[in-house]
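Okay, so here's the structure we're looking at.
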Amino acid sequence: AQKITQTQPGMFVQEKEAVTLDCTYDTSDPSYGLFWYKQPSSGEMIFLIYQGSYDQQNATEGRYSLNFQKARKSANLVISASQLGDSAMYFCAMREPHSGGYNKLIFGAGTRLAVHP
Amino acid sequence: EAQVTQNPRYLITVTGKKLTVTCSQNMNHEYMSWYRQDPGLGLRQIYYSMNVEVTDKGDVPEGYKVSRKEKRNFPLILESPSPNQTSLYFCASSPGTASYNEQFFGPGTRLTVL
């Protein structure tokens, strides 16, 4: 079974509108971390936002917020007031304990977001 | 500037010709890792290193080797590259592997094996 599922291969949004990118995860461990990364066409991986499994409040970073629903095991990224520069691939990732004695980072397949003027 | 560097950024090679992709970080991070990114599959871990001289296989280690002789460097070696190793490769480092530790990524190396 996939650990991180991003069900939207591609999304379109109009400039200045909000958009939600979906992410569901699967873990039986109570302690884990959830991350979102942005990958523009230039290829680099840019860290956006982090949510800890014990955090009571949803994480926010500027125009990015994470809609964390623990019982549903979902960690959707919300981008408010989309900008043309938000066009990129977005990856959801989870850190969870691994048999190798460390917390491994596991990635979803990604969602490609296109922002239209 | 705190960063992870990779070289080369782009490489086209032929089947069987040994190559090394270098990775270096200046943040004194203990943990380093290599990933490959393929369409529809996200990033998959190739190898990781918890510290100097401590390396272990990730999810897709076949055809790759690594070494960690110094804390800052973690080269990826393809002894006999094959076309199925054509991919985008990322080196990453983090101060530890706690659930909250962010990974810092290098700029990526786009490899084509003909």
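It should be emphasised that the depicted structure is a prediction, and the values quoted were computed from it without experimental measurement. Each chain gets a letter, A, B and so on, in the order its sequence line appears, and its residues count up from 1.
- Within residues 62-72 of chain A, no residue has any heavy atom closer than 4.5 Å to a heavy atom of chain B.
- With a 4.5 Å cut-off on non-hydrogen atoms, A/Tyr32 touches chain B through its backbone but not through its side chain.
- Contacts of B/Asp38 with chain A are absent, with no heavy-atom separation under 4.5 Å from either backbone or side chain.
- Taken together through direct or relayed side-chain contacts under 4.5 Å among Ile, Leu, Val, Met, Phe, Trp and Tyr, B/Leu88 and B/Leu19 form parts of separate hydrophobic clusters.
- One finds the OG1 atom of A/Thr5 at 11.5 Å from the NZ atom of A/Lys73 (value rounded to the nearest 0.5 Å).
- Within the 4.5 angstrom heavy-atom criterion, no atom of A/Gln51 approaches chain B.
- Atoms CD1 and CG, on A/Ile4 and A/Leu105 in that order, are 8.5 Å from each other to the nearest 0.5 Å.
- Only the side chain of B/Gln45 comes within contact range of chain A, judged by heavy atoms closer than 4.5 Å.
- Nearest heavy-atom pair, B/Pro75 versus B/Ser67, reported as atom, atom and distance to 0.1 Å: CD-O, 3.3 Å.
- When the heavy atoms of residues 104-114 of chain B are compared with those of chain A, the residues falling under 4.5 Å are B/Phe105, B/Pro107, listed by number.
- Neither the backbone nor the side chain of A/Ser53 comes within less than 4.5 Å of any heavy atom of chain B.
- Taking the six-membered ring where tryptophan is involved, the planes of A/Phe35 and A/Tyr50 are tilted, since the angle between them lies from 30° to 60°.
- With a threshold of 4.5 angstrom between heavy atoms, B/Ser33 does not approach chain A through any atom at all.
- For A/Gln14, the CD atom sits in a packed shell: over 12 heavy atoms of surrounding residues, nucleotides or ligands are nearer than 6.0 Å.
- Note: B/Tyr35 and A/Phe107 have perpendicular aromatic rings, judged against thresholds of 30 and 60 degrees for the angle between ring planes.
- In this structure, B/His29 and B/Pro95 have side chains that are in contact, with non-hydrogen atoms separated by less than 4.5 Å.
- Using a 4.5 Å cut-off between heavy atoms, B/Arg44 makes no contact with chain A at all.
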**Study point:** Pair A/Thr27-A/Asp29, side chain to side chain donor-acceptor pair (under 3.5 Å): steps then yes or no
**Key:** CA-CA 6 Å; A/Thr27 182; A/Asp29 202 279; 5.8 Å; no
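- Side chains of B/Asp56 and B/Val54 form no contact here, defined as non-hydrogen atoms less than 4.5 Å apart.
- Taking all atoms of both residues into account, the shortest heavy-atom contact from A/Ala59 to A/Ile49 is O-CD1, 3.4 Å.
- Shown here for A/Cys92 and A/Gln6, the closest heavy-atom pair between the two residues is N-OE1, 3.0 Å.
- When all heavy atoms of A/Pro40 and A/Ala88 are compared, the pair lying nearest together is CA-CB, 3.8 Å.
- The part of B/Leu41 that comes within reach of chain A is its backbone (N, CA, C, O), which places non-hydrogen atoms under 4.5 angstrom from that chain.
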